[in-house]
Amino acid sequence: MKKKINIEGMSCGHCVAHVKEALEEISGVEILEVNLEGKNALVNTEVEDNTLIAAIDEAGYDVTSIDKL
C-alpha cells in the first residue's frame with residue numbers, strides 16, 4: 001500500500017537523508033521518494049503507521065499526517 005507521510009522539520013538535503021535512513025531501518029518499507037519541497041515521504045508498505053511515526057520522530061522530525069494513496 002502506498003502512503004504519503006507528511007513531515008515537519010525538514011529544511012535541507014541532510015534532513016532528507018536522515019529521514020531516508022530512518023525509514024530504511026524499518027523492515028518492509030520501500031521508499032519511493034522523500035521530498036524536501038513537499039515536506040513528505042512516499043513509501044510502499046504494509047507497516048503500521050505508528051511504526052513509521054516512531055522512526056521519523058526518533059530521527060528528530062514530526063509527522064503531521066499519513067495519507068493512504
Side-chain angles (χ1 to χ4, degrees):
M1 165 188 313
K2 286 187 183 178
K3 296 182 180 184
K4 178 181 172 188
I5 308 167
N6 297 297
I7 305 166
E8 285 296 320
M10 293 192 304
S11 61
C12 65
H14 177 73
C15 296
V16 169
H18 205 194
V19 168
K20 276 185 182 178
E21 288 173 16
L23 292 170
E24 285 172 346
E25 291 180 9
I26 304 170
S27 179
V29 174
E30 175 191 2
I31 301 169
L32 303 174
E33 178 183 18
V34 178
N35 185 317
L36 176 60
E37 202 170 288
K39 296 186 179 184
N40 61 56
L42 296 176
V43 297
N44 192 18
T45 187
E46 295 297 326
V47 171
E48 294 288 325
D49 291 354
N50 289 341
T51 302
L52 301 170
I53 292 168
I56 292 171
D57 185 57
E58 188 175 308
Y61 305 94
D62 296 315
V63 174
T64 57
S65 64
I66 297 179
D67 303 320
K68 292 169 179 56
L69 306 177

Which pairs with one or both residues in residues 8-17 pass side-chain hydrogen bond (donor to acceptor under 3.5 Å, both in side chains), sequence neighbours excluded?
none
Does anything in [range] pair up under ring-ring contact (aromatic ring centres under 6.0 Å, His included), and if so which pairs, sequence neighbours excluded?
| range | result |
| --- | --- |
| residues 37-69 | H18-Y61 |
| residues 26-58 | none |
| residues 23-53 | none |

Of all pairs that satisfy salt bridge (charged side-chain N to carboxylate O under 4.0 Å, His left out), the ones with a partner from residues 16-27, not counting sequence neighbours
none
Salt bridge (charged side-chain N to carboxylate O under 4.0 Å, His left out) pairs, two or more places apart, involving residues 50-65:
none
Partners meeting side-chain contact (heavy atoms from CB on, under 4.5 Å) with I53 (sequence neighbours left out):
N50, V63, I66
Quick one: pull up CG in L23 and OG1 in T45 and give me the separation to the nearest 0.5 Å.
9.0 Å
Quick one: CD1 on I26 to CD1 on I56, what's the gap to the nearest 0.5 Å?
7.0 Å
Residue set satisfying side-chain hydrogen bond (donor to acceptor under 3.5 Å, both in side chains) with S65, at least two apart, ordered chain then number -> N6
Can you list everything that forms a side-chain hydrogen bond (donor to acceptor under 3.5 Å, both in side chains) with E30? Sequence neighbours excluded, please.
N44
Looking at residues at least two apart in the chain, or sitting in another chain, which of them share a salt bridge (charged side-chain N to carboxylate O under 4.0 Å, His left out) with D49?
K3, K68
Can you confirm whether V34 sits close enough to M10 that some side-chain heavy atom of one is under 4.5 Å from a side-chain heavy atom of the other?
yes
Linking Ile, Leu, Val, Met, Phe, Trp and Tyr through side-chain heavy atoms less than 4.5 Å apart, which residues share a cluster with L32?
L42, L69
If you look at every heavy atom in T64 and I7, which pair is closest and at what distance?
OG1-N, 4.4 Å
Heavy atoms of A22 and A59 approach each other most closely as CB-CB, 3.9 Å
